[in-house]
Each structure stands twice: as C-alpha cells, then as structure tokens.
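Okay, structure first, notes after.
The figures here come from the full heavy-atom set of this structure, side chains too, leaving out hydrogens, waters and symmetry mates. Below, chains carry the letters A, B, ... as their sequence lines are ordered, and counting in each starts from 1.
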Number of protein chains: 2
Amino acid sequence: MQLSEKASDKAIVKDTNQSSKVYIEIVKQLRELITTNRLSSGDKIPSERELSERLNVGRSSVREALRALELLGLIETRRGEGTFLRDFRGHHLVQLLSTFILEDEKAKRDVIETKYYIEMDCLQLALKRQNADSLQLLRDKVEHSYAVNDDEFFYRIIEMADNHLFLRMWIILKDYYNSLMFKEEQHSKDGYIRLIEAIEAMDVAELLSAYRQLRNLSISADKI
Amino acid sequence: MQLSEKASDKAIVKDTNQSSKVYIEIVKQLRELITTNRLSSGDKIPSERELSERLNVGRSSVREALRALELLGLIETRRGEGTFLRDFRGHHLVQLLSTFILEDEKAKRDVIETKYYIEMDCLQLALKRQNADSLQLLRDKVEHSYAVNDDEFFYRIIEMADNHLFLRMWIILKDYYNSLMFKEEQHSKDGYIRLIEAIEAMDVAELLSAYRQLRNLSISADKI
DNA sequence: GAATTTCTAGTGGTCAGACCACGAATGTCT
DNA sequence: AGACATTCGTGGTCTGACCACTAGAAATTC
C-alpha cells in the first residue's frame, strides 16, 4: 500500500507554542499518516528523503524520529528497501523493560518465583481455554520421549494459555532462570502426565498440587 | 556526578559480525557506561559531542541513540545544559505505545488478563509474606477514606508481595490498563476489607474468591 | 566588598550535503 | 529464454555549519 499525496502534506510549522522538538512532531505526523491511510503491519512508509521534503524538515530529524520508533519496535528498516510498519503486538515493550528490570535487579529469588507463578497462571489459563487437539499432541510427545524437556513442555502450555504477554515474559524469565541454574532439570514423565490429566479433568486444585510437586514446592501458606 | 575518562573509552568497532547499526551500539555503550559508573536518576551523561569523540562515531549517530532513549523516557535533555538520566517508570512509553496499539482486541484482552493474574499472584505472596504492620496501615487507610483508589491499594499489596519483578510488570500493565479503560473504577471499601481480612486469616481460597468478586470475574473454570 | 550586568564557552536542536552499502528493478548480451 | 551488468532508490553514516539557550566567569557598577 502506498501513500496518497494529498492534503496531509502540511509542513511542520515551527510550533508557535514552544519547545516541542521537530522529531517529536514527526512522530506525531507519522502516527497520523498511519491512521489516516489505514496502514498496518507490513506496509511501507515513505522514504526518509521523501518525508524530509514533504514535512519541510531535515533528513536527520526524520531519522531521529524513525530511529526512536525503531527502538520501540514499531517499525522495521531494511537497507536498500525502505521502512516498514511492524507487527507490534505491543509486547515488544515487555521485552525492552524486562531487560532493564533484569539488569538492575538481579534478585535470583524474584526470577524464580515469578517464573513459577506465571507458569501456574498459564496452567490455569490453559485449563480454562482447553484445546483437546494440542493437549493430545503434547501428551503424545511426552509419552513417547525418554525425558521431558521442561522448557518445551511449558512453552506449549503457555501457548495454549493464549496470552502473548505471559509468553513474552516467560521466555525472558526462562532464559534468565536457566542461566541461574546449573543443572538441567530432567523430571520423569509422570509429573507432566499428571499435569495434563489435571487439565483434562479441569481440576484446578489437582493441577496446582501437581505443579507444586513437580517443582518441589512446599505447600506452606498455599494451602488450598 | 561526572564520568571518569578511563578504560571504557574504547571506540565502537565496525562490528565484524555485521549489520548492527551504530546507534544501537551506542545505546549499549550507554547502558554499560551507566552501570559501570553507577549513574542514576538525575545524573548527567557526557555531551553529544564528547560521546561522538570518545566512541569515534558521528554526532548524528549519537543523537539518534539519544533521541530513541529520550522517547523511551529514559533520559531527559535540556538545551544549553546537557542530557540527564531520568527516573524511568515507563509512563511515557506506555502512553506512546497505547496510542499506536489500541486496535488489537486480543492485545487488550491480554493486558487485562495479565494484570488480574499478577494481582492474584501478588495477593497470595502478600499473604505468604504477611507483614502485620503494613497490613494494618493499609487497613487504616482504606477504612478512613471515602473511596478506595484501586491502583494505590494494589500497589501496596504488591509491595508486600516483595517481588520486584512483579512490581515492575504491574506498574507497566496498570498504566496500559488505565489507558484502555475509560471509567475510573471506584469500589466500595467492603471488597478491599474483605481482601485484607482474608490475608490476615491466611485463607487463600477466600482471598481469591474475594478478588474475583471485586473484579466481577466469573468463577467458570476457576472452580476452587 | 558586594551586587549587578555583560560576555563567553559549552550544550542541545537543526539543517544541508556528501559518501557508502545494499536490494531490486531494469537493461543488455549471449 | 537465461545469465550477467547497470542503474536507481533506499537506509546508514559522517562532517560541518548555524541557531537558541544556559550557566558560570568576567567585567562593571554601586
């Protein structure tokens, strides 16, 4: 989809108000351009030079705006081709922030704890949104392998939970978690089968209980 | 606080790997510089020209990096003064992104769902790590006000949960959430008191039940 | 000596122009 | 028709030049 050249070509005026930097204005203009032209993921936006002309601003200012949007994950640039809108499920943000979070706060306990809780949440969601097919697939997979890859198992579970945000968070947590733990966790199939069966039976209490056993968590305050 | 000039002045090499754009490298260098020098909110970072020299890159590339970080809300620039680190709680980016995202209904659902689940998780953690003093404080606060500010209430709960990761995530989600919802949620004290009492009684089932009622969530699959 | 004013150096903000590297479309040769 | 070369448009980067603004130094005034 290409742009029409019409009205929207109003130049950016030096904003009598004050302050607002040119690159901010460009970001606004771009947003407007995107909505009015109904551009969506994958569509191409005008070249830097064209934007520079149409908006009467320097190309470097256009680039400042585009680079910022790129870092945000909203656009994607391909040298020699152009700049394109990106499939932002909005969740790039979690990624970005998480890197910062993990940087400054290396609390091992928090990482582990958060990972576990998210896994429990997603187990419940998977139960709620149960999909017989994918569950059966997972079951086959588990039953036909020697050992179960914990990461892979929960990846599938969280896919079934069908919550992109949780998925993103979990992926990051998982990586960090694995870098914290030396040992490879290899459990027997039994624990995982028990989880699957609890989901099939739609028994939340049993599901959580099974998870706690899998992770060797004390029941403590979590009495059900 | 000013920077020391030492070792870290390694120039950015043209990355034999490939691709990675200069401005991305600069972002990385800046992050490193910030951590190694223990810079924090309010501190000044080197001027654009100085960074340009020290890293052997063009000033425009430095600016691209800085503008991106600025749009993210990580830094603040004051003409004539310099560039400073900012207390980033992420509001900016949330606001920015939400204006871009809005359409995606599924993303919206994920945000709401994730927020609720994290709140439930933190309620349970708060219960587990119960601190009588802060709980009493919260109770007083709730009982002595006309209406309860939901955000503030859960902020305190999550503080009690004492999990930094959850706290960070929740703050982001909360801002998203609020930008999605038009209405201000104002519940009566009763629901919150019930939550507090469930924590005091260390009754998980009651706690979750109280939460669901507060949020008007159907029990559905979440049978306890 | 103290208060005021003026000047100046340094900072971010912006622009214009020049290359480069790369990709795709086009043209050309066999 | 297929293989190769050219060209054009794109993003990537650097340089140098201004401007607007700020803070602190310097000069001036009282």
Side-chain angles (χ1 to χ4, degrees), chain A residues 1-3 5 11-30 39 42-86, chain B residues 1-3 5 11-30 39 42-86:
Chain A
M1 182 188 285
Q2 221 24 322
L3 288 181
E5 325 283 338
I12 290 181
V13 215
K14 262 293 174 298
D15 195 344
T16 47
N17 305 337
Q18 79 268 50
S19 63
S20 53
K21 315 177 185 181
V22 171
Y23 91 96
I24 295 287
E25 287 304 317
I26 296 176
V27 168
K28 288 183 188 169
Q29 291 285 322
L30 280 173
L39 299 188
D43 290 338
K44 186 177 180 187
I45 63 179
S47 74
E48 299 179 349
R49 289 173 177 83
E50 185 181 343
L51 283 173
S52 162
E53 268 189 40
R54 290 192 9 195
L55 303 176
N56 269 317
V57 295
R59 192 185 153 208
S60 49
S61 292
V62 171
R63 281 187 61 80
E64 287 180 9
L66 290 179
R67 264 1 90 209
L69 292 179
E70 187 180 56
L71 194 66
L72 272 176
L74 298 178
I75 61 175
E76 174 184 4
T77 56
R78 298 200 280 272
R79 166 187 274 175
E81 299 182 59
T83 303
F84 304 83
L85 281 189
R86 211 172 143 171
Chain B
M1 179 190 287
Q2 215 37 313
L3 290 181
E5 326 281 338
I12 289 181
V13 214
K14 261 295 174 292
D15 195 342
T16 48
N17 307 335
Q18 80 264 52
S19 64
S20 54
K21 314 177 184 181
V22 171
Y23 92 97
I24 295 288
E25 286 304 315
I26 297 176
V27 169
K28 289 183 187 168
Q29 291 284 323
L30 281 173
L39 299 188
D43 290 339
K44 187 177 178 185
I45 65 179
S47 74
E48 299 179 350
R49 289 174 177 82
E50 185 181 343
L51 284 173
S52 162
E53 267 189 41
R54 289 192 10 195
L55 303 177
N56 269 317
V57 294
R59 192 183 153 210
S60 50
S61 293
V62 171
R63 281 186 61 80
E64 288 179 9
L66 291 179
R67 261 4 87 208
L69 293 178
E70 185 180 58
L71 197 65
L72 271 175
L74 299 179
I75 60 174
E76 176 184 3
T77 56
R78 296 200 281 271
R79 167 186 275 175
E81 296 183 61
T83 304
F84 304 83
L85 280 189
R86 212 174 140 164

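Residues passing the side-chain hydrogen bond (donor to acceptor under 3.5 Å, both in side chains) test with B:T77, sequence neighbours excluded: A:K21, B:E70. With sequence neighbours excluded, no residue satisfies salt bridge (charged side-chain N to carboxylate O under 4.0 Å, His left out) with A:R49. A:E76 is linked by a salt bridge (charged side-chain N to carboxylate O under 4.0 Å, His left out) to A:R78, counting only residues two or more places apart in sequence or in another chain.
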Can you tabulate the close N/O pairs, meaning under 3.5 Å, that link protein atoms to atoms of nucleotides 8-11 of chain C?
| unit_1 | atom_1 | unit_2 | atom_2 | d |
| --- | --- | --- | --- | --- |
| C:dG10 | N2 | B:G80 | O | 3.4 |
| C:dT11 | O2 | B:G80 | N | 3.3 |

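Look at CG on A:L51: it is 13 Å from P on D:dG12, rounded to the nearest Å. Rounded to whole Å, atom P of C:dG12 lies 16 Å from atom CD1 of A:I24. Rounding to whole angstrom units, CD of residue B:E25 and C1' of D:dG12 are separated by 14 Å. For the pair A:F84 CZ and D:dG11 C1', the interatomic distance rounds to 11 Å; values are reported in whole Å. In this structure, CD of A:E76 is placed 16 Å from C1' of D:dG12, rounded to the nearest angstrom. The separation between A:R59 atom CZ and C:dC19 atom P is 14 Å, rounded to whole Å. Computed from coordinates, the A:Y23 OH to C:dT14 C1' distance equals 14 Å when rounded to whole Å. The CD atom of B:E70 sits 11 Å away from the P atom of C:dG12 (whole-angstrom rounding).
Counting heavy atoms from C-beta outward, B:L66 and B:I45 have side chains that approach closer than 4.5 Å. For the pair A:V22/A:L55, no side-chain contact is recorded, criterion being any heavy-atom separation below 4.5 Å from C-beta on. Two residues are said to be in side-chain contact when any heavy atoms from C-beta on lie closer than 4.5 Å; A:I24 and B:L71 meet this criterion.
Within residues 60-67 of chain B, the residues having any heavy atom closer than 4.0 Å to DNA chain C are, in order of number, B:R63, B:R67.
Note that CG of A:L69 is 10.0 Å distant from OG1 of A:T83, once rounded to the nearest 0.5 Å. Within the model, atoms CZ of B:R67 and OG of B:S60 stand 12.0 Å from one another, a figure rounded to the nearest 0.5 Å.
The environment of B:E53 atom CD is sparse: at most 12 non-hydrogen atoms of other residues, nucleotides or ligands sit within 6.0 angstrom.
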